[in-house]
Amino acid sequence: MNSIKISIPSLIENIKIIESFIDNAREKFEINDDIYGNIMISVTECISNAIIHGNQSNKQKLVHLELKAQDDQLQFIIEDEGEGFEIETLPDPTAPENIEKPGGRGIFLIKNLTDEVKFEEGGKRTVLSFYMD
């Protein structure tokens, strides 16, 4: 199994570093275009959530990203240094009262673009899985 790790300070502009990380992974692991788009959106959204909601944009706190490549699967593990959250308490963005709201769709998007998503350690760690074929 191949594993690559990176940690960034919790500044939203560091999303550019994550985008470059994903671009490099695309070349190294020969990720096709269909999966690449889903990975880029899901991982950057998850990192953004970790920066803003997890670490409260505190640049002293880090967001950690690890990519694990196994035979036919890529796993992106995102971990922040915040308090975590309970997935069950998040409002449903598809509920009529939330349709017009500008935010709150990140987790919904991630769940729909990944093959599997797991929230661990009280929401401080998220594992996004993508199957290569």
Side-chain angles (χ1 to χ4, degrees):
M1 172 185 1
N2 284 318
S3 176
I4 307 167
K5 296 179 182 180
I6 185 174
S7 295
I8 59 166
S10 294
L11 297 165
I12 202 67
E13 55 266 28
N14 286 337
I15 292 289
K16 292 179 183 131
I17 296 168
I18 301 304
E19 290 169 347
S20 294
F21 178 91
I22 295 167
D23 283 339
N24 290 335
R26 180 185 195 180
E27 293 174 24
K28 180 174 173 108
F29 301 111
E30 298 175 15
I31 300 169
N32 72 44
D33 289 345
D34 296 336
I35 298 171
Y36 169 76
N38 291 350
I39 290 171
M40 184 63 80
I41 293 167
S42 300
V43 173
T44 56
E45 180 62 35
C46 196
I47 295 282
S48 175
N49 284 348
I51 290 170
I52 295 167
H53 302 294
N55 288 344
Q56 304 292 306
S57 299
N58 179 345
K59 64 184 178 187
Q60 304 305 316
K61 292 183 178 182
L62 299 175
V63 175
H64 309 281
L65 172 62
E66 180 178 6
L67 166 56
K68 289 184 179 179
Q70 301 170 2
D71 302 327
D72 63 341
Q73 183 184 41
L74 293 177
Q75 281 189 329
F76 291 84
I77 298 128
I78 296 100
E79 193 165 355
D80 64 54
E81 297 175 352
E83 300 296 315
F85 71 100
E86 292 183 32
I87 188 74
E88 303 81 28
T89 64
L90 295 179
D92 177 0
T94 64
E97 66 273 15
N98 296 325
I99 290 290
E100 299 292 324
K101 293 183 179 174
R105 290 173 180 74
I107 300 289
F108 177 80
L109 261 177
I110 291 167
K111 284 182 173 181
N112 284 283
L113 294 175
T114 58
D115 291 311
E116 185 182 355
V117 61
K118 289 188 273 188
F119 300 99
E120 302 174 345
E121 295 183 33
K124 296 192 309 185
R125 179 184 169 119
T126 306
V127 181
L128 309 177
S129 299
F130 300 88
Y131 296 106
M132 299 293 276
D133 19 274

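Scope of the values below: all heavy atoms of this structure, side chains included, with no hydrogens, waters or symmetry mates. Quantities reported herein were computed from a predicted structural model and do not represent experimental measurements. Numbers here simply count residues along the sequence, with the first being 1.
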The reported gap from NZ in K118 to CD in E116 (rounded to nearest 0.5 angstrom) is 5.0 Å
**Asked** Is any side-chain heavy atom of I6 closer than 4.5 Å to a side-chain heavy atom of I4?
**Response** no
**Request:** Answer yes or no: are there more than 12 heavy-atom neighbours, outside E86 itself, under 6.0 Å from its atom CD?
**Result:** no
Cluster question for you: counting only ILVMFWY and a side-chain heavy-atom cut-off of under 4.5 Å, with indirect links fine, are I51 and I110 together?
yes
Rounded to the nearest 0.5 Å, the CD1 atom of I107 sits from the CG atom of N49 at a distance of 5.0 Å
Value for CD1 (I12) from CD1 (I52), rounded to nearest 0.5 Å, stands at 4.0 Å
Smallest heavy-atom separation, F119 atom then V117 atom, equals CZ-CG2, 3.9 Å
Check: Any side-chain heavy atom of L74 within less than 4.5 Å of one from I35?
Finding: no
Fill in: Side-chain heavy-atom pair S42, F130 within 4.5 angstrom cut-off
yes
To the nearest 0.5 Å, atom CG of L67 lies from atom CZ of F21 at 5.0 Å
Here the side chain to side chain donor-acceptor pair (under 3.5 Å) pairs for residues 23-37, sequence neighbours left out, are D23-Y36, R26-D33
Closest non-hydrogen contact found for A69 with F29 is CB-CE2, 3.4 Å
Rounded to the nearest 0.5 angstrom, the OG1-CG distance for T114 and L109 is 10.5 Å
Taking D80 for its side chain and V63 for its backbone only, find out whether a donor-acceptor pair lies under 3.5 Å. no
Indicate yes or no: at least one non-hydrogen side-chain atom of N14 is less than 4.5 angstrom from one of I47. no
field: L62-I17 co-clustered via ILVMFWY side chain contacts under 4.5 Å
entry: no
Heavy atoms of K124 and G82 approach each other most closely as CD-O, 2.7 Å
Heavy-atom closest pair (S10 atom, K61 atom, distance to 0.1 Å) is OG-O, 2.9 Å
For I15 and S48, the nearest pair of non-hydrogen atoms, with its separation, is CD1-N, 3.9 Å
L128 and C46 have their tightest heavy-atom pair at CD1-CB, 4.2 Å
- Under 4.5 Å between side-chain heavy atoms, hopping through other hydrophobics if needed: is there a path connecting I41 to V127? no
Notebook entry, point to check: So if you build clusters from Ile, Leu, Val, Met, Phe, Trp, Tyr with side-chain heavy-atom gaps below 4.5 Å, do I87 and V43 land together?
Noted result: yes
Here the gap from L65 atom CG to S7 atom OG, rounded to the nearest 0.5 Å, amounts to 8.5 Å
Within the structure provided, determine whether E81 and H64 are in side-chain contact (heavy-atom separation under 4.5 Å). yes
Side chain to side chain contact (heavy atoms under 4.5 Å, CB included) with I31: of N38, I22, I39, only one passes, and it is I39
- Message: Under a 3.5 Å distance rule, please check whether N112 uses its side chain to pair with a backbone N or O of F108 as donor and acceptor.
- Response: yes
Greater than 12 external heavy atoms within 6.0 Å of E120's CD = yes
